[in-house]
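Not measured: the values here are computed from a predicted model. Heavy atoms only: backbone and side chains are in, while hydrogens, waters and symmetry mates are out. So that the names make sense, note that chain A is the first sequence line, chain B the second, and so on, each numbered from 1.
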Number of protein chains: 2
Amino acid sequence: MAKGTIAKTVSERADLLPLISEVFRRHGYEGATLALIGKATGLGKGSLYHFFPDGKAQMAAEVLAEIDHWFEVNIFAVLRNSNDPAQAIADMTACVDRYFRSGNRVCLVGVIALGASRDIFSSQVQDYFSRWNDALAQTLRRAGFSAGVARRRSEDALLTIQGALVLARALDDTRVFGQAMVDMQARLLAK
Amino acid sequence: MAKGTIAKTVSERADLLPLISEVFRRHGYEGATLALIGKATGLGKGSLYHFFPDGKAQMAAEVLAEIDHWFEVNIFAVLRNSNDPAQAIADMTACVDRYFRSGNRVCLVGVIALGASRDIFSSQVQDYFSRWNDALAQTLRRAGFSAGVARRRSEDALLTIQGALVLARALDDTRVFGQAMVDMQARLLAK
DNA sequence: CAGAGACTGTACCGATCGGTACAGAGAGTC
DNA sequence: GACTCTCTGTACCGATCGGTACAGTCTCTG
């Protein structure tokens, strides 16, 4: 009930999600507190619950949806629509390297997959990876590989990205991530 | 101050660590609460703080030390001492598959590496992976590979294990982990 | 200018957080 | 039996958790 100390900033929902996303990335679902999210966005709980009436779970769900959409547009769709498989895979690799800032940024979907919160978001996590897997395998099929090889190579690529992020962070060496991306691209199109 | 309701169970420190380890694995460092640890061990805070006066941080540090020791004995030492590189790598692969229960169990060191708690345990995390990396690269050198190739293949193997754990959990498909272990072993000794 | 509705900070809620204090219970020693 | 030391449960601490309530402030519409 302090007198007239309320400013008006008018935040856009779309501007909020990337900021919240980084908090979840850094601290995981359980570690991301409303206080941290408030600090990152510059908003109080009032505003936060105005935009996300269902609280933290809704924020995480919408962040995951936005990430899913970004990958759908920038990566999955490119893989599906390209008729130059080698170029599509090169584009994907470059895009992934840029997105994860050469290993300095962590994959939120992977972080959630490892934690206890996987059970809450299991369908979104599974969907993200299996759609990526399908799109990439489809591209490899178009490059002339059998369904089995395509699928196996695609899974290998996905797991390489996730593992490279873990190891690069563990060793504090982004070079590990860069090398893994080079190796991954070579393995995808080998032979 | 309820009257005489205190039982005497006499827990062994050594029996405690594996139980605590599983809590950290499932919930991460921030998500592992004293209540969960108490539930898992069947001990109250009194006993917990008797064994670990510095609380949660000490528990995590000792769990990490125990994991480190287990890998040192069962994996790193085997890699260093074997004079049959192919056999040593096959043993490592089998041992890793067993330890991670074919992808059903998560790597605590990897989980910590991804989270904010990495900063607290950075030296232990880095040590674990770089000692593994050194031991494996040394084995590959003995198999006749150049230092550069050995190092690159070794890093690739470590990242494959971590990524396979993430992807297997995300897709809820342990087959992914098994296939990754097969591929990893083949790539380590290829050509 | 009046009213509606979106957006804001803040006080507050019960629950739980990590951690402390402490007394009771058991086993060993004399 | 009295003393000591280890191990135990539990009451309690201040801080913070996710979430609610609400009054104030702005913009937009008439």
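- Place A:Gly46 and A:Ala35 on DNA chain D by their nearest nucleotides, and A:Ala35 ends up nearer the 5' end.
- Put simply, CZ on A:Arg13 is 13 Å from C1' on C:dA6, counting in whole angstrom units.
- Using a 4.0 Å heavy-atom cutoff across all strands shown, A:Gly31 reaches no nucleic acid atom at all.
- Listed pair A:His50 / C:dC7 meets the phosphate criterion, a side-chain N or O lying under 4.0 Å from OP1 or OP2.
- The nearest whole Å value for the distance from the CG atom in B:Leu43 to the P atom in D:dT10 is 12 Å.
- To the nearest angstrom, C1' of D:dG18 lies 17 Å from CD of B:Glu30.
- For D:dG9, the OP1/OP2 oxygens have a side-chain nitrogen or oxygen of B:Ser47 closer than 4.0 Å.
- OP1 or OP2 of D:dG19 has not a single side-chain nitrogen or oxygen of A:Lys45 nearer than 4.0 Å.
- Between B:Glu22 and B:Arg25 there is a salt bridge, with a side-chain nitrogen of the basic residue lying less than 4.0 Å from a carboxylate oxygen of the acidic one.
- Taking atom CD of B:Gln58 as the reference point, atom P of C:dG18 lies 15 Å away to the nearest angstrom.
- The separation between B:Leu48 atom CG and D:dT6 atom C1' is 16 Å, rounded to whole Å.
- The separation between B:Ile37 atom CD1 and C:dG18 atom P is 7 Å, rounded to whole Å.
- A salt bridge links B:Arg187 with A:Asp156; the closest basic N to acidic carboxylate O contact falls under 4.0 Å.
- Rounding to whole angstrom units, CG of residue A:Asp15 and C1' of C:dC7 are separated by 15 Å.
- Nearest nucleotide to the side chain of B:Leu34, out of C:dG18, C:dG9, C:dC17: C:dG18.
- A salt bridge links B:Arg131 with B:Asp68: the closest approach of a Lys/Arg side-chain nitrogen to an acidic carboxylate oxygen falls below 4.0 angstrom.
- When the P atom of D:dG19 is taken as reference, atom CZ of A:Phe51 falls 18 Å away, rounded to whole Å.
- Among C:dT20, C:dT8, D:dG19, the nucleotide with an atom closest to any side-chain atom of A:Tyr49 is D:dG19.
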| request: Start with the C-alpha distance between A:Arg13 and A:Glu66, add both sets of side-chain angles, then the distance that settles salt bridge (charged side-chain N to carboxylate O under 4.0 Å, His left out), and finish with yes or no. | output: CA-CA 12 Å; A:Arg13 214 190 158 79; A:Glu66 205 201 35; over 6 Å; no
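- When heavy atoms are screened at a 4.0 angstrom cut-off, B:Ala32 is found touching the sugar-phosphate backbone but no base atom.
- Heavy atoms only, all atoms of each residue included: A:Leu34 and A:Tyr49 are closest at CD2-OH, 3.6 Å.
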